[in-house]
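The structure under discussion appears below in the form of structure tokens.
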Protein chains: 4
Amino acid sequence: MSATAQVDRPRPDSGTRGNANVGRLVVEGQDRPGIVSAVSAVLTGQGANILSLDQYSSGASAGFFFQRTVFDLPDFAARRPALESALAAQIGDELGLAFRVHQVCKPKRVAIFASRADHCVLDLLWRHRRGELDIDVVCVISNHPDLADDVRQFSVPYLHVPVGSDKRSAEQEHLKLLRGNVDLVVLARYMQILSEEFLDEVGVPVINIHHSFLPAFIGAAPYKKAKERGVKLVGATAHYVTKDLDEGPIIEQDVVRVTHAETAAELAQHGADVERLVLARAVKWHCEDRVIRHGNQTVVFSR
Amino acid sequence: MSATAQVDRPRPDSGTRGNANVGRLVVEGQDRPGIVSAVSAVLTGQGANILSLDQYSSGASAGFFFQRTVFDLPDFAARRPALESALAAQIGDELGLAFRVHQVCKPKRVAIFASRADHCVLDLLWRHRRGELDIDVVCVISNHPDLADDVRQFSVPYLHVPVGSDKRSAEQEHLKLLRGNVDLVVLARYMQILSEEFLDEVGVPVINIHHSFLPAFIGAAPYKKAKERGVKLVGATAHYVTKDLDEGPIIEQDVVRVTHAETAAELAQHGADVERLVLARAVKWHCEDRVIRHGNQTVVFSR
Amino acid sequence: MSATAQVDRPRPDSGTRGNANVGRLVVEGQDRPGIVSAVSAVLTGQGANILSLDQYSSGASAGFFFQRTVFDLPDFAARRPALESALAAQIGDELGLAFRVHQVCKPKRVAIFASRADHCVLDLLWRHRRGELDIDVVCVISNHPDLADDVRQFSVPYLHVPVGSDKRSAEQEHLKLLRGNVDLVVLARYMQILSEEFLDEVGVPVINIHHSFLPAFIGAAPYKKAKERGVKLVGATAHYVTKDLDEGPIIEQDVVRVTHAETAAELAQHGADVERLVLARAVKWHCEDRVIRHGNQTVVFSR
Amino acid sequence: MSATAQVDRPRPDSGTRGNANVGRLVVEGQDRPGIVSAVSAVLTGQGANILSLDQYSSGASAGFFFQRTVFDLPDFAARRPALESALAAQIGDELGLAFRVHQVCKPKRVAIFASRADHCVLDLLWRHRRGELDIDVVCVISNHPDLADDVRQFSVPYLHVPVGSDKRSAEQEHLKLLRGNVDLVVLARYMQILSEEFLDEVGVPVINIHHSFLPAFIGAAPYKKAKERGVKLVGATAHYVTKDLDEGPIIEQDVVRVTHAETAAELAQHGADVERLVLARAVKWHCEDRVIRHGNQTVVFSR
């Protein structure tokens with residue numbers, strides 16, 4: 001109840017979303033003197049104006065360098081090839097750095113995998129609808145039919161792909177749906193382990209939400225384990241999926257306080273609130289090119 | 001992605017929900033020696049077994065006493081009158097305390113008021129559906145038609161009561177819907193101020209979620225004010241509504257960290273996550289008889 | 001800078017500290033109907049008035065029961081034997097419960113073990129001096145001489161007991177100092193593992209602060225491991241020491257947010273703030289008889 | 001108790017502290033295209049290598065621009081004049097921006113004001129001693145003699161300047177001690193209001209810690225007011241002091257959860273833990289040139 005009917009309406013971008021002339025440049029590699037200046041010089045030389053810049057070096061000597069730059073480049077589409085050539089020559093060849101350019105008006109295409117638990121997938125769809133997540137949700141894929149109505153309420157296709165004893169055939173169906181169509185797969189409490197082959201073949205990053213504060217309680221039933229260990233906080237961890245279960249690079253984590261008086265099921269309830277929040281942050285940051293993987297760690301320019 | 005498909009399923013009660021023989025007793029009043037024993041003796045004398053007990057005294061001398069007791073009373077319905085008589089005699093008359101008895105299997109009937117913002121109302125409905133909130137949602141009443149489809153998806157009636165210049169006639173319609181039908185009104189970002197007359201006439205508690213950490217930023221547009229003041233945290237406050245705007249007894253509050261880099265709209269986005277969480281806690285605690293008003297403060301037995 | 005020189009002065013007790021007529025009763029055991037009433041009846045029958053009561057049952061059936069009661073008993077010292085006899089008969093023999101009675105005016109006697117890190121030990125001494133901890137600090141024992149001046153500044157004896165290759169002889173010296181003289185040993189970042197023999201012989205609880213969010217990062221160098229794993233939060237855990245390293249019952253935990261940009265040393269700095277806070281809470285709650293061990297878990301009546 | 005005696009030792013700098021060739025450049029002013037490139041070009045042109053860079057623009061159009069750059073400039077002292085000339089010409093005159101250069105090896109000189117409460121001042125001195133704060137503590141000034149021994153234990157001069165009815169004469173004494181000798185004044189729970197004249201004459205920033213979550217509970221006795229209002233969190237706010245009491249630009253804030261069961265004195269105890277943490281962060285960030293004032297707000301490049 002507020003004094004007037006006028007509400008603060010979320011305007012979830014800061015002015016760049018959907019702007020065809022705005023790009024993001026991510027640069028990473030072995031650190032050495034002069035990188036910031038060199039990148040800045042290339043962008044300026046190509047007619048781009050730097051809107052914002054985040055940078056991090058992992059150490060004074062022999063460290064790694066990471067930079068995310070948002071820039072405005074009039075007539076972006078036409079001038080992108082020249083920009084990329086210049087970057088390849090002066091940043092790639094000369095300084096030995098990797099780089100990638102993204103056009104902000106092309107949101108990442110995302111497939112969400114879910115099972116029966118609804119809290120993570122519905123929260124992502126709801127945030128997308130209200131404009132918090134600048135993504136295209138291509139589809140929701142589930143090994144159960146339960147969430148079909150809830151998902152379709154958001155006008156998103158729901159594809160039921162049962163996973164039986166022949167897991168590989170389900171994965172083949174997944175790959176047929178995904179290949180070429182998505183830039184990211186999000187496991188929103190999908191209760192199946194992806195095979196190493198799938199991860200190799202899908203060709204895009206896969207983000208998972210694990211329902212514990214990793215590395216505590218790896219594997220199944222973490223809230224039950226948390227209750228047995230008698231912890232006073234439970235948490236959730238969003239991470240990139242690698243072939244080692246629950247061992248991939250961590251993007252985001254958070255926790256909530258619990259007491260002796262709560263059952264494992266109540267821990268799971270509190271944890272669900274953390275899971276959906278942590279996963280939403282991780283997806284948002286990934287899709288805004290704010291997350292850079294480095295070995296088994298991440299650099300997150302989250303603001 | 002977990003190692004098995006077996007998920008920790010929330011079992012949201014701790015064994016008492018829906019049990020027709022379980023009751024809650026709330027006692028409050030001027031503190032004096034022997035209250036815990038006296039209450040315990042009455043319950044035992046009437047055949048009840050105490051399952052859990054929370055108690056608080058506000059001061060060593062001349063303080064106030066508050067107690068919440070959950071008890072099992074076989075054949076509850078038949079024996080309730082005798083229990084209440086005994087309490088009236090020994091707790092009421094003799095010790096000068098107020099008390100109320102609730103049968104746990106009768107959930108509180110709740111009407112939710114909303115306007116156009118969906119995050120609080122949908123979160124309450126979703127928590128109710130998954131079994132977190134032991135309430136009956138009688139209806140959602142809104143001064144706008146926008147959320148009808150989303151609400152009805154949860155099989156809850158949506159009633160559009162426009163509020164024009166003649167606010168009093170809308171309130172009369174509200175009262176017709178509510179009187180005798182609900183035990184609690186929840187304002188889930190309802191952007192209208194309730195009149196003092198309405199509060200007098202509705203005859204049940206009204207809980208509001210204010211989108212700031214009260215007493216900071218009373219009134220309209222708190223996120224805009226928060227941005228202007230340059231705060232580093234934004235918050236939300238659930239409180240009972242009184243005739244003094246945003247001044248009622250606080251039930252629950254929480255905050256989230258923000259930075260200089262976020263716009264007022266982005267503060268509102270972060271704040272929305274806190275609002276829905278804080279409101280859900282307040283409603284849950286109220287409906288489990290865990291909140292006792294005392295002057296302009298509350299005693300909250302939150303565990 | 002406040003508008004007046006009048007400061008809110010901490011008065012760290014709530015009226016009972018040092019009161020020779022106030023006692024605490026802790027009851028635990030197999031749950032069964034009627035315990036709360038029975039305890040209440042014994043106390044009342046012995047002339048005690050219940051000041052506050054915390055109670056928890058671990059399950060509806062076949063669960064465990066835990067209760068902490070603070071009571072006023074005029075002429076406490078003289079009437080304590082009769083009270084304990086009545087409890088033994090009616091709570092012990094009849095209901096099969098364990099119980100213990102503490103007189104509030106007799107603070108627990110505490111020995112603090114430290115090594116070279118000063119943050120935990122100095123914080124405990126400082127909190128003790130300002131009246132936050134109702135304990136007697138008997139001495140600080142260290143395997144290094146470094147902190148002698150800082151500790152003695154608080155008028156607390158500092159005993160330097162070097163630990164060489166013959167660890168057992170150091171432990172014998174510890175036991176000579178401790179036996180009969182202390183009610184609690186606190187390891188305030190003491191960088192030595194206590195032997196199983198020592199734990200058996202010391203005969204009082206031992207609380208340790210581990211510099212990670214257990215069960216993550218058990219053992220040595222947790223901040224280094226946390227950095228390598230790329231976690232986004234670091235934490236600390238206060239627990240009772242058992243013969244299994246870092247596996248004892250957890251009393252309290254907390255965390256603090258970190259980023260990719262922080263070194264292991266900076267994680268250690270942030271962690272130190274959490275360590276001293278978590279350890280102080282655990283010691284305070286233990287010494288106020290708010291912590292009950294149950295298997296490898298704890299029940300903490302923290303308010 | 002850890003598995004080995006080897007401890008993670010805080011090495012509180014990230015390699016630049018005390019390095020005579022490392023500088024920090026802060027640039028601010030009306031935003032316009034090309035600033036990042038221009039600053040970068042000047043630094044490179046003068047032989048400097050950018051080690052890290054934080055940048056923020058307050059809006060897409062007509063916004064403000066803020067940048068903090070850490071750079072390595074061989075032979076810093078000799079080349080500083082040329083660098084500053086180039087910046088004045090190309091950043092100042094041409095782009096209309098303000099800038100300042102700091103040499104990292106010259107820590108800011110700080111005077112701490114205290115009254116009788118010890119928690120904030122001792123925590124700052126302790127953090128300084130362990131190497132967390134890269135500052136010179138010139139002296140502690142107090143209107144009470146109480147803390148003399150504690151402060152001098154840290155080898156810091158303690159100056160007792162009583163403040164009587166003639167406040168102006170005490171302030172004159174303060175100014176004599178401070179003028180030319182310090183770069184920052186920190187009010188560590190100093191319970192006197194500084195006059196507008198003093199603030200004008202002292203000529204350096206003044207940071208205060210207020211014991212509430214501003215703008216809630218401005219003025220005296222905030223914990224008492226918090227208790228009366230029945231809030232569920234209490235907090236602390238570090239801010240620059242301006243002539244308007246408790247209204248200056250906020251640098252940092254944090255909160256801690258409290259319950260109905262805690263007295264105002266206990267709120268003050270919990271709050272003290274937050275106060276010392278929040279003040280330490282604010283002082284650290286200010287002294288690392290991470291805080292830029294902008295109107296009544298701050299930009300904080302805290303990581």
Side-chain angles (χ1 to χ4, degrees), chain B residues 54-60 63-64 66 212-218 222 225-240 246-263 278 281-282 285 290-303, chain D residues 54-60 63-64 66 212-218 222 225-240 246-263 278 281-282 285 290-303:
Chain B
D54 289 292
Q55 170 269 337
Y56 167 65
S57 302
S58 71
F64 252 72
F66 308 89
S212 85
F213 180 79
L214 289 175
F217 309 126
I218 285 175
K225 290 175 188 162
K227 178 66 187 171
E228 285 163 4
R229 183 61 187 89
V231 294
K232 303 301 185 187
L233 303 167
V234 296
T237 304
H239 64 93
Y240 290 112
D246 301 334
E247 297 280 6
I250 293 170
I251 305 170
E252 172 64 347
Q253 304 187 283
D254 217 333
V255 294
V256 65
R257 187 162 283 273
V258 296
T259 77
H260 61 265
E262 286 161 302
T263 61
V278 165
R281 286 187 205 138
W285 295 340
R290 296 178 179 279
V291 187
I292 309 176
R293 289 173 67 156
H294 179 58
N296 208 43
Q297 300 177 16
T298 61
V299 170
V300 181
F301 296 124
S302 63
R303 297 291 178 201
Chain D
D54 289 294
Q55 169 270 339
Y56 167 64
S57 301
S58 70
F64 253 72
F66 308 89
S212 85
F213 179 79
L214 288 175
F217 310 125
I218 285 175
K225 290 175 189 163
K227 179 67 187 169
E228 287 163 4
R229 182 62 186 90
V231 293
K232 302 301 184 188
L233 303 167
V234 295
T237 304
H239 64 93
Y240 290 111
D246 301 335
E247 297 280 6
I250 293 170
I251 304 170
E252 172 63 348
Q253 305 187 283
D254 216 333
V255 294
V256 65
R257 186 163 283 274
V258 296
T259 77
H260 60 266
E262 286 161 301
T263 62
V278 164
R281 287 187 204 136
W285 295 340
R290 296 179 179 278
V291 187
I292 309 176
R293 287 174 68 158
H294 178 59
N296 207 43
Q297 300 177 14
T298 61
V299 169
V300 182
F301 294 124
S302 62
R303 192 33 80 181

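It should be emphasised that the depicted structure is a prediction, and the values quoted were computed from it without experimental measurement.
With sequence neighbours excluded, the residues that form a side chain to side chain contact (heavy atoms under 4.5 Å, CB included) with B:V258 are B:V234, B:E262, B:L267, B:H270. Evaluation of the salt bridge (charged side-chain N to carboxylate O under 4.0 Å, His left out) rule for D:R293 yields no partner, not counting sequence neighbours.
Between D:Y56 and B:A261 the shortest heavy-atom distance is CE1-CA, 3.4 Å. The two atoms that bring D:I250 and B:G230 nearest to each other are CB-O, 3.7 Å, heavy atoms only. Heavy atoms only, all atoms of each residue included: D:V255 and B:L233 are closest at CG1-CD1, 3.9 Å. Of all non-hydrogen atoms in B:K232 and D:E252, the two that sit nearest each other are CG-CA, 4.0 Å. Looking at every heavy atom in both residues, D:H260 comes nearest to B:F301 through NE2-CE2, 4.2 Å.
The shortest distance between side-chain heavy atoms of B:T259 and D:V300 does not fall below 4.5 Å.
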>> Before you tell me yes or no, could you show the steps for B:R229 and D:E247 under side-chain contact (heavy atoms from CB on, under 4.5 Å), namely the whole-Å CA-CA distance, both residues' side-chain angles and the distance that decides it to 0.1 Å?
In response: CA-CA 9 Å; B:R229 183 61 187 89; D:E247 297 280 6; 4.0 Å; yes
>> side-chain contact (heavy atoms from CB on, under 4.5 Å) for D:E228 and B:N296? Distances and angles first, verdict last.
In response: CA-CA 8 Å; D:E228 287 163 4; B:N296 208 43; over 6 Å; no
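D:Q297 places a side-chain N or O within donor-acceptor distance of the main-chain N or O of B:K227, the cut-off being under 3.5 Å.
When each of D:F66, D:F213, D:F217 is checked for heavy-atom pairs under 4.5 Å with chain B, D:F213 comes out on top. The candidate with the highest count of non-hydrogen atom pairs below 4.5 Å against chain B, out of D:L214, D:T237, D:V231, is D:V231.
In this structure, chain D has a heavy atom under 4.5 Å from the backbone of B:I251, while its side chain stays farther away.
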